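Worksheet for the structure shown next.
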Amino acid sequence: MTRATTVRAVLAAAVLLVSLFVTLTMSPRLGLDLQGGTRLVLQAKDSPTAKADRESTDRTVEVLRQRIDALGVAEPTVTRSGEDRVLIELPDVTDPREAAEVLGRTAQLTFHPVLGVPDDAAPDPEPEPESESKPDSESESEELVLPDESGGRLRLGASDLSGAGVKDARAEFDGQRGAGWSVSLDFRDDASRDWTRLTGEAACHPPQDERRRVAIVLDEKVISSPQVSPSVTCGAGLPSGTTQITGSFSADEAKNLALLIKGGALPVPVEVVEQRTVGPTLGAEAISASARAAVIGAGLTALFITFVYRLFGGLAALALAGYTLISYAALVALGVTLTLPGLAGFVLAIGMAVDANVLAFERAREEYASRSGRTSRPLRSALAAGFRNARTAVVDSNVTTLLAAGLLFGLGSGPVKGFGVTLAIGVLVSMFSALVIARALTEMAAGSRFVTDFPGVNGIGLRGRVRTYLTRRAPQLFRRSRRWLGVSTVVVALAVLGVTLRGLNLGVEFTGGRLMEYTTSRPVGIDTARTALADAGFADAEVTTAGERELSVRTGDTGDRAEAAIRDALSAEGGATTKVRDDLIGPSLGDELRRHALIALGIAVGAQLLYLAVRFRWSFAVASVTAMVHDVVILVGVFAWLGRPIDGIFLAALLTVIGYSVNDSVVVFDRVRELWARRPGSPLLPAARAAVLQTVPRTVNTGMGALFILTALAVLGGDSLRDFALALLIGICVGTYSSVFTAVPVALEMESRRKDGGPTGQRQRPKAGRGRPADNGARV
């Protein structure tokens with residue numbers, strides 16, 4: 001065993017042991033869509049006294065955190081998002097109405113002298129003779145008219161006592177005197193003196209006079225306006241630093257009011273622009289479904305790669321198990337919140353991890369067979385050359401996927417960010433798994449004489465069914481490359497026609513509105529549900545069904561009362577009705593997300609084009625990006641024809657397809673670059689034909705590995721993952737086609753128009769073709 005192999009083996013063992021320790025000692029952090037709970041996005045707004053900027057939003061976060069702590073929510077998350085948004089996650093809170101009411105209120109508490117009632121409501125009482133202690137500046141103070149607690153209106157003077165002077169607030173129940181629930185306030189020292197002065201001024205008016213009242217105002221509404229006791233003399237006021245807010249409060253109302261006052265006022269008003277609620281049952285089902293899909297898909301992938309590459313395939317499958325362990329440990333150790341799309345990305349990355357192994361094994365097969373009929377190269381040497389020659393394709397193809405993952409994290413929101421993180425971790429770990437773990441295992445096995453002497457056992461000495469077929473038939477590809485471009489053009493036109501005729505079924509993320517999912521105890525037909533909602537006043541609601549007892553209702557931006565009415569209407573037909581999902585997106589946020597989606601697609605195209613232009617040639621870069629756009633348009637068109645939703649999960653799948661499409665094209669053009677560099681000045685066609693024929697086995701085997709995983713997700717992953725898996729299945733099939741029959745013909749057409757047809761301006765490896773015969777496209 002060589003020193004390099006020993007180093008790889010020790011490094012792999014160390015990483016695996018650390019990953020096992022992390023897995024056994026740490027628990028994953030589950031997102032709300034997996035453990036159940038509510039996610040709120042609050043938008044800060046400018047007020048007359050404050051601007052919604054980073055500083056005021058940070059203060060808002062602190063106030064909201066105090067309120068949430070008082071609510072008793074376990075392990076909440078409150079963070080600023082951008083300049084003026086606050087992201088709140090409340091685990092196990094599946095009815096967000098109370099939380100949204102408490103969190104969204106500004107809670108500006110002020111205390112005002114009452115000047116009387118407005119002239120149009122009732123005549124002001126006769127003015128009392130002025131006394132020495134009565135203030136003479138009352139008429140000069142700023143006035144405002146607000147509704148009081150009884151439904152009338154009061155004319156109030158300006159206040160210099162606010163909720164900031166309240167030291168403590170608590171809800172209390174007085175059952176002996178029949179007063180019911182009230183809120184007691186304790187003032188700070190300075191505020192206590194202000195309270196004494198305010199009540200002393202009010203006491204200068206006779207009993208039962210409106211002006212003997214003190215108005216307590218919360219968010220521009222009088223919540224209590226008690227009379228100052230007749231025992232209090234003019235100018236003396238209440239000496240105590242405590243008062244009570246009385247009213248017809250229920251226990252919950254009194255506790256929430258005390259919570260708002262004690263938590264403090266928000267620096268700026270906020271409104272709910274996004275609300276997502278997932279029941280814990282749905283999350284448990286999603287975890288179970290994804291786990292089944294992962295086990296079955298990974299098992300089928302392992303069996304397939306073992307069947308194709310025999311012993312070395314089995315070792316790669318073992319490395320795949322190591323990849324799964326390391327990826328999971330990395331997610332746990334980094335504290336990444338594992339969401340449902342993130343879980344799907346984790347499962348998907350298992351299939352993508354096979355790609356690097358397939359690339360290396362196919363290159364090793366070529367190296368092993370390159371001197372067939374003469375002195376065969378040693379197995380270990382062929383294997384080392386296979387990994388070495390595959391390295392550039394592995395790195396380039398994974399970088400393109402990392403670009404897509406970065407866009408998902410940078411421009412996505414909520415669960416889509418989680419998908420981007422898990423995808424990026426999966427890509428990085430897959431390279432370690434293939435280039436370190438799998439290579440160490442296969443190199444140690446290659447040192448065995450038994451494995452060397454029996455090619456049928458090691459798998460590298462076999463040519464493979466696909467490679468044997470292509471060698472025998474030797475198809476002359478791309479003799480009429482424009483025909484393939486014509487086929488691609490027709491398919492793209494059909495996709496555009498679908499978007500034009502059928503339109504896009506944009507999800508609530510992009511349009512704004514509310515999407516609710518319910519389960520009922522009795523089967524409810526979709527027509528019955530629509531009729532019931534129409535009778536309840538929701539004739540415009542869109543109703544779909546995923547099963548006999550599962551209903552999805554989509555409406556405009558409705559409030560919580562409307563949601564309760566919808567649930568009652570469904571309960572009348574389906575019995576006990578449980579809400580398992582509730583997504584509310586404000587129209588402004590929908591516009592922003594739609595704009596971000598377009599920006600993400602534009603950046604994806606530009607970033608891939610720039611990277612490929614640097615790594616290859618402009619013609620190859622343009623060809624790859626053309627194939628990528630071809631795949632995007634077709635995928636969107638298919639979803640338009642099928643009427644499937646275009647939402648945030650679809651965006652995650654679309655950006656993944658972009659990475660996969662460019663990944664395939666990179667593998668092909670990496671081989672084109674290598675073969676073309678051996679014959680400078682020659683036409684591109686022979687090198688392109690040979691490159692495609694040599695990479696077809698890799699494309700087929702990698703695609704099969706991913707298809708096993710995605711099919712398992714589509715069949716077993718449940719409704720939440722079905723559209724995601726469907727989009728990726730379509731994308732992989734279309735991407736496999738376009739990387740050969742769209743990207744390569746485009747490159748041929750572009751190069752045929754160049755005067756310098758040779759491989760100039762490219763980055764070549766200095767020893768790309770040393771010691772190898774010129775390639776005329778016959779060897780596959």
Side-chain angles (χ1 to χ4, degrees), residues 32-40 90-101 252 272-286 288-289 340 415 505-587 590 642-649 717-723:
L32 295 182
D33 53 356
L34 293 180
Q35 66 173 323
T38 296
R39 179 178 184 269
L40 300 170
L90 307 174
D92 300 325
V93 177
T94 55
D95 187 358
R97 286 177 293 181
E98 177 183 353
E101 174 67 18
D252 289 340
V272 178
V273 294
E274 180 182 352
Q275 172 185 306
R276 297 181 185 273
T277 302
V278 178
T281 302
L282 182 63
E285 292 176 352
S288 177
L340 183 58
N505 180 19
L506 296 178
V508 291
E509 288 101 327
F510 299 137
T511 62
R514 194 162 190 166
L515 178 65
M516 298 151 285
E517 293 182 359
Y518 301 93
T519 58
T520 58
S521 59
R522 298 192 303 268
V524 180
I526 190 169
D527 293 332
T528 303
R530 287 172 179 167
T531 302
L533 292 180
D535 293 341
F538 301 96
D540 295 335
E542 299 178 14
V543 184
T544 56
T545 180
E548 291 184 347
R549 295 180 175 85
E550 298 175 358
L551 292 171
S552 176
V553 181
R554 179 174 171 178
T555 65
D557 188 358
T558 58
D560 292 324
R561 290 184 179 179
E563 188 278 324
I566 290 174
R567 192 188 313 183
D568 292 340
L570 295 178
S571 299
E573 301 293 338
T577 300
T578 303
K579 182 173 64 174
V580 295
R581 178 186 176 190
D582 187 353
D583 292 352
L584 173 64
I585 305 293
L642 297 177
R644 305 307 301 169
I646 307 294
D647 52 15
I649 304 301
D719 295 333
S720 301
L721 295 177
R722 187 164 293 125
D723 286 338

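As the structure is a prediction and not an experimental result, all values here were calculated from the model.
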For the student: nearest non-hydrogen atoms of D647 and G507, plus distance = CB-CA, 4.3 Å

Could you state the interatomic distance from OG1 (T544) to CD (E550), rounded to the nearest 0.5 Å?
-> 10.5 Å

Those residues at least two apart in sequence (or on a different chain) that pass salt bridge (Lys or Arg N to Asp or Glu O under 4.0 Å) with R549 are none

Under the side chain to side chain contact (heavy atoms under 4.5 Å, CB included) test, which residues partner N505, sequence neighbours left out?
-> R554, P645

D583: salt bridge (Lys or Arg N to Asp or Glu O under 4.0 Å) partners, not counting sequence neighbours = R276, R581

Validation row: R39, E274 side chains within 4.5 angstrom (heavy atoms) = yes

Rounded distance [0.5 Å steps], CD in E542 versus CG in L515 = 9.5 Å

Could you tell me which residues satisfy side-chain hydrogen bond (donor to acceptor under 3.5 Å, both in side chains) with S571, sequence neighbours excluded, listed by chain and number?
-> T577

Run through L570, L551, D582, L584 and flag the one making a side chain to side chain contact (heavy atoms under 4.5 Å, CB included) with M516.
-> D582

Return all side-chain donor-acceptor pairs below 3.5 angstrom for residues 521-530, not counting sequence neighbours, or 'none' if the list is empty.
residue : atom : partner : partner atom : Å
S521    : OG   : G574    : O            : 3.1
S521    : OG   : A576    : N            : 3.0
R522    : NH2  : E573    : O            : 3.1
R530    : NH2  : V543    : O            : 3.1

CD/E563 to CG/D568 distance, rounded to the nearest 0.5 angstrom?
-> 9.0 Å

Can you name the nearest heavy-atom pair linking Y518 to V580, along with the distance?
-> N-CG2, 4.3 Å

Would you name the heavy atoms of G513 and V508 that are closest together and state the gap between them?
-> C-CG1, 4.2 Å

Excluding sequence neighbours, so at least two apart, what forms side chain to side chain contact (heavy atoms under 4.5 Å, CB included) with A562?
-> F538, T558

